[in-house]
Amino acid sequence: MKSNMARGNLILIEGLDRSGKTTQTTRLVETLQRKGKEVELIKFPDRTTPIGRLINAYLVDKSFQLSDQSAHLLFSANRWELAEQIKQKLENGTNIILDRYVYSGIAYTAAKGLDFQWCKNCDIGLPKPDLIIFLNLINNETRSGFGDERYEIKSFQEKVKTQFELFFNEQNWHTIVVDHQTIEQVEDKVWKLVFPLVDHETTTPIDLFK
Ligand code: NYM
Ligand code: MG
């Protein structure tokens with residue numbers, strides 16, 4: 001990228017299962033498209049790659065045996081296999097909206113009791129989001145029930161939440177409480193955070209996760 005050229009923004013929406021990430025990332029992409037912005041949605045895990053298919057099997061089939069460390073490394077590898085593509089798209093001016101990323105990776109594994117720093121290590125060096133929006137479900141009860149996948153159990157989600165909270169003071173991190181909010185109210189709050197970023201040209205180099 002030429003140093004004076006604008007690049008796309010890397011915008012991440014994080015949260016527990018059933019917090020509305022998929023709805024909000026989809027709507028955000030549609031809004032940006034309506035405004036004539038180049039934008040692409042990337043969801044992690046990306047279940048379509050060979051590594052992603054293994055991850056999918058692990059998530060849907062609870063009898064699928066994998067050590068916690070191996071599962072963690074697969075999720076990270078799934079991000080690394082798209083890292084170069086993400087960087088190139090940003091440099092070509094495309095905004096990228098991420099549905100989950102490194103923070104999910106760390107929070108879900110650390111919630112099993114693995115060392116937090118160990119969980120972080122394999123993601124160090126990945127492109128770091130310019131904006132992180134955490135959809136904060138204060139009370140798990142208020143949402144429609146969980147699905148059937150591994151991890152979709154209230155007691156485990158609470159442990160994951162505790163791990164996510166360790167990131168609340170991270171740079172570029174914002175939380176939006178989603179309990180008792182309509183989709184449109186949350187969408188509005190997301191847009192208020194995203195707008196300033198996409199409204200001006202981003203020329204700073206892509207930061208790396210550390
Ligand atoms: N998950 C997701 C992880 O455990 N580690 C990761 O790195 C990522 C990206 O996968 N319960 C978990 C969180 C979810 C599950 O994600 C599937 P989704 O967004 O429900 O498809
Ligand atoms: Mg899910």
Side-chain angles (χ1 to χ4, degrees), residues 10-29 40-83 85-86 96-129 132-137 140 142-167 170 173 176 178 186 190 209:
L10 186 59
I11 298 168
L12 165 63
I13 299 197
E14 275 285 10
L16 295 176
D17 287 282
R18 312 282 141 171
S19 56
K21 293 178 302 304
T22 303
T23 305
Q24 292 301 332
T25 50
T26 306
R27 287 193 172 213
L28 179 56
V29 166
E40 201 169 302
L41 175 64
I42 298 182
K43 179 174 165 40
F44 285 112
D46 174 353
R47 304 186 193 218
T48 65
T49 69
I51 292 168
R53 284 197 287 278
L54 263 174
I55 292 172
N56 184 61
Y58 173 73
L59 288 170
V60 301
D61 177 4
K62 284 164 207 149
S63 68
F64 192 99
Q65 299 272 322
L66 209 52
S67 74
D68 292 338
Q69 289 84 350
S70 303
H72 182 78
L73 293 168
L74 285 179
F75 278 105
S76 178
N78 187 231
R79 285 183 280 279
W80 278 108
E81 59 183 349
L82 292 183
Q85 204 178 304
I86 290 174
I96 296 190
I97 311 303
L98 298 171
D99 179 342
R100 293 195 190 275
Y101 198 49
V102 297
Y103 306 96
S104 278
I106 297 159
Y108 280 78
T109 306
K112 297 172 173 176
L114 272 72
D115 180 71
F116 191 81
Q117 187 59 46
W118 185 89
C119 293
K120 263 181 105 166
N121 284 340
C122 50
D123 282 328
I124 291 173
L126 283 168
K128 188 186 161 150
I132 304 153
I133 301 174
F134 182 76
L135 301 184
N136 196 5
L137 253 184
N140 258 328
T142 59
R143 286 277 145 166
S144 54
F146 289 118
D148 281 333
E149 289 198 342
R150 194 184 289 262
Y151 305 147
E152 298 200 42
I153 299 162
K154 189 171 183 283
S155 56
F156 186 71
Q157 296 285 320
E158 275 158 14
K159 290 185 183 157
V160 177
K161 174 75 181 291
T162 306
Q163 298 301 323
F164 268 129
E165 282 169 356
L166 300 173
F167 292 114
E170 280 267 294
W173 186 283
I176 295 176
V178 297
V186 176
V190 168
F209 181 68

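One is the number of the first residue; the rest follow in order along the sequence. Order of appearance sets the numbers: ligands from 1, and atoms from 1 within every ligand.
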Between Thr22 and Asp99, is there a side-chain donor-acceptor contact under 3.5 Å, judged purely by atom types and distance?
yes
We want to know whether Tyr151 and Lys112 form a side-chain donor-acceptor pair, criterion being a heavy-atom distance below 3.5 angstrom.
yes
Judged by non-hydrogen atoms, does Lys43 sit under 4.0 Å from ligand 1?
yes
Parallel, tilted or perpendicular, judged at 30° and 60°: which one describes the rings of Phe64 and Tyr58?
perpendicular
Once you measure the plane-to-plane angle for Phe209 and Tyr103, does it fall in the parallel (<30°), tilted (30-60°) or perpendicular (>60°) bin?
perpendicular
Test of proximity, Asp17 against ligand 1: N or O pairs below 3.5 Å:
yes
Does an N or O from Glu149, backbone or side chain, lie closer than 3.5 Å to an N or O of ligand 1?
no
Determine yes or no for a side-chain-to-main-chain donor-acceptor pair under 3.5 angstrom, with Arg53 supplying the side chain and Thr48 the backbone.
yes
Any donor-acceptor pair under 3.5 Å from Asn78 side chain to Ile51 backbone
no
Can you check salt bridge (Lys or Arg N to Asp or Glu O under 4.0 Å) on Asp17 and Arg150, steps first, answer last?
CA-CA 11 Å; Asp17 287 282; Arg150 194 184 289 262; over 6 Å; no
Name of whichever N/O/S atom of Asp17 is nearest to the Mg ion (ligand 2)
OD1
Near the Mg ion (ligand 2), is there an N/O/S atom from Glu152 that is less than 2.8 Å away?
no
Among all protein non-hydrogen atoms, which one is nearest to atom 1 (N) of ligand 1, and what is the separation to 0.1 Å?
Phe75 CE2, 3.5 Å
Of Arg100, Lys112, Arg47, the one whose closest heavy atom lies nearest atom 21 (O) of ligand 1 is Arg47
Note: Arg79, heavy atoms under 4.0 Å from ligand 1, region reported as side chain
Looking only at heavy atoms, is any part of Thr22 under 4.0 Å from ligand 1, and if so is it the side chain, the backbone, or both, or is it neither?
neither
Salt-bridge test for Glu170 and Lys120: reply yes if a basic N is under 4.0 Å from a carboxylate O, no otherwise.
no
In ligand 1, which numbered atoms sit nearer than 4.0 Å to a non-hydrogen atom of Leu59?
10 (O), 15 (C), 17 (C)
Check each atom of ligand 1 against the heavy atoms of Phe44 and keep those under 4.0 Å away; list them by number with element.
9 (C)
